[in-house]
Protein chains: 2
Amino acid sequence: MKLERHAKIIELIGKYAIETQEELAGRLNEAGFRVTQATVSRDIRELGLHKLRDDGGKYLYVSTRSRHGVNMSNKLATISPNR
Amino acid sequence: MKLERHAKIIELIGKYAIETQEELAGRLNEAGFRVTQATVSRDIRELGLHKLRDDGGKYLYVSTRSRHGVNMSNKLATISPNR
DNA sequence: GTTGAATATGAATTCAAA
DNA sequence: TTTGAATTCATATTCAAC
């Protein structure tokens, strides 16, 4: 089920430093969700997740919504160009 | 010169909706900076730029620093997982 | 230290299938 | 409507050259 998988994805990116969609697909499969990178790619878009470089230069998938349910999309807008 | 090119990149991503590094390289070349995608990739890392999906699903390069010189890296930290 | 060409890697999309 | 395999596309890196 897609909804459960989405919830699991949010959980996984909070718990682990997920660097690639393949890695996320692997974690999902370990958790019993049989999916491929193609599906993970779609899930990430639907969830509005972003891949950002951290201070160490590594890429990580992160959510734009905090644990407290606050939508951070306005903060993302803040760092967007004023166009 | 790299410094001038970096400044031009900041200007360009503020002025245009740059979707790919190839596109940015093209704009730079129009502006007289002869560079390839490989160099643009390095510049983007050095400048701390990020590629984000906007509300319409399109990808855009954005800066983490506002026009007013405020470093937004703490806001990025805010949307990062609490790890 | 900087760069480009070539390559490797990662991600989005297509297209068929269910 | 969702999915995976294959493909295309975008980006990071390697490696040589300067």
Side-chain angles (χ1 to χ4, degrees), chain A residues 1-65 73 76 79-81, chain B residues 1-65 73 76 79-81:
Chain A
M1 163 85 86
K2 198 201 240 183
L3 274 177
E4 293 176 33
R5 193 178 65 235
H6 280 192
K8 177 58 78 173
I9 287 175
I10 296 296
E11 177 192 330
L12 286 170
I13 69 165
K15 199 183 234 170
Y16 303 103
I18 308 281
E19 297 184 47
T20 67
Q21 296 186 356
E22 293 286 1
E23 182 184 349
L24 182 50
R27 294 278 189 188
L28 285 168
N29 276 279
E30 287 171 14
F33 297 90
R34 299 198 56 220
V35 287
T36 64
Q37 175 264 325
T39 296
V40 168
S41 172
R42 294 174 190 118
D43 286 348
I44 284 171
R45 175 168 40 76
E46 289 162 12
L47 286 166
L49 304 182
H50 298 274
K51 190 178 194 177
L52 294 180
R53 250 186 319 276
D54 67 12
D55 292 337
K58 272 178 35 173
Y59 277 97
L60 298 177
Y61 279 99
V62 299
S63 173
T64 60
R65 293 165 197 277
S73 58
L76 283 178
I79 65 167
S80 294
Chain B
M1 163 85 87
K2 200 202 237 181
L3 275 177
E4 294 175 32
R5 194 179 63 235
H6 280 193
K8 176 59 76 173
I9 287 174
I10 297 297
E11 177 193 330
L12 286 171
I13 68 165
K15 199 184 239 173
Y16 304 103
I18 306 281
E19 298 184 48
T20 68
Q21 295 186 357
E22 293 285 1
E23 183 184 348
L24 182 50
R27 295 278 189 187
L28 285 168
N29 277 279
E30 287 173 14
F33 296 91
R34 299 198 56 217
V35 287
T36 65
Q37 176 265 325
T39 296
V40 168
S41 173
R42 295 175 190 117
D43 286 347
I44 283 171
R45 174 167 41 76
E46 290 163 12
L47 286 166
L49 304 182
H50 297 275
K51 189 177 194 176
L52 295 180
R53 249 186 320 274
D54 66 13
D55 293 335
K58 272 178 36 173
Y59 278 98
L60 297 178
Y61 278 100
V62 299
S63 173
T64 60
R65 294 165 197 277
S73 59
L76 282 176
I79 65 168
S80 294

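Letters A, B, ... are given to chains in the order of the sequence lines, protein chains preceding strands, and every chain is numbered from 1. Because only heavy atoms are used, hydrogens play no part in the values below, and waters and symmetry mates are left out as well, while side chains stay in. The structure displayed is predicted, hence computed values, not measured ones.
- In this structure, A:K58 atom NZ and C:dT9 atom P are separated by 18 Å, rounded to whole Å.
- Residues B:K51 and A:Q37 each lie close to DNA chain D; by heavy-atom proximity, the contact nearer the 5' end of the strand is made by A:Q37.
- Nearest to the side-chain atoms of A:A38 among the listed nucleotides C:dT13, C:dG10, C:dT14 stands C:dT13.
- A heavy-atom distance below 4.5 Å is not found between the side chains of B:L60 and B:I18.
- Counting only heavy atoms from C-beta on, A:S41 has its side chain closest to C:dT13 among C:dT13, C:dT3, C:dG10.
- Listed candidates were D:dG4, D:dT11, C:dT13. Nearest to the side chain of A:T39 is D:dG4.
- Here D:dT13 is the nucleotide among C:dA11, D:dT13, D:dG4 with the atom lying nearest to any side-chain atom of B:R45.
- Screening B:K58, B:R53, B:R27 against B:E19 for a salt bridge (Lys or Arg N to Asp or Glu O under 4.0 Å) leaves a single residue, B:K58.
- Atom CE of B:M1 is separated from atom P of C:dG1 by 16 Å (rounded to the nearest Å).
- Taken to the nearest 0.5 Å, the CD1 atom of B:I10 stands 4.5 Å off from the CG atom of B:L47.
- Distance from the side chain of B:K2 is smallest to C:dT2 among D:dA10, D:dA12, C:dT2.
- Distance NE2 (B:H50) to C1' (D:dA12): 16 Å, rounded to an integer number of Å.
- Listed nucleotides: D:dA12, D:dA5, D:dT14. Nearest to the side chain of A:T36: D:dA5.
- What separates CG of A:N29 from P of D:dG4 is a distance of 9 Å, to the nearest Å.
- Not one side-chain nitrogen or oxygen of B:Q21 sits closer than 4.0 Å to the OP1 or OP2 atom of D:dC9.
- Distance, A:E4 CD to D:dT3 P: 12 Å, rounded to whole Å.
- Atoms CD1 (A:I44) and C1' (D:dT3) sit 16 Å apart, rounded to a whole Å.
- Interatomic distance, CG of B:L52 versus CG of A:L52, reported as 6.0 Å (0.5 Å rounding).
- Nearest nucleotide to the A:R5 side chain, out of D:dT11, C:dG4, D:dT3: D:dT3.
- Separating the CG atom of A:D43 from the P atom of C:dA12 is a distance of 11 Å, rounded to the nearest angstrom.
- One interatomic measurement links the two molecules: CZ of B:F33 to C1' of C:dT2, which rounds to 15 Å at whole-angstrom precision.
- The side-chain contact (heavy atoms from CB on, under 4.5 Å) test with A:V35 is passed by exactly one of A:L24, A:I9, A:V40: A:V40.
- Residues A:R42 and A:E22 each lie close to DNA chain C; by heavy-atom proximity, the contact nearer the 5' end of the strand is made by A:E22.
- Evaluated for a side-chain hydrogen bond (donor to acceptor under 3.5 Å, both in side chains) with B:Y61, the options B:H50, B:Q21, B:E23 yield exactly one hit, B:Q21.
- OP1 or OP2 of C:dA12 sits under 4.0 Å from a side-chain N or O of B:Y59.
- Comparing A:E19 and B:R34 by the nucleotide of DNA chain C whose heavy atom lies nearest to each, the residue mapping closer to the 5' end is B:R34.
- Nucleic acid contact class of A:V40 (heavy atoms, under 4.0 Å, all strands): none.
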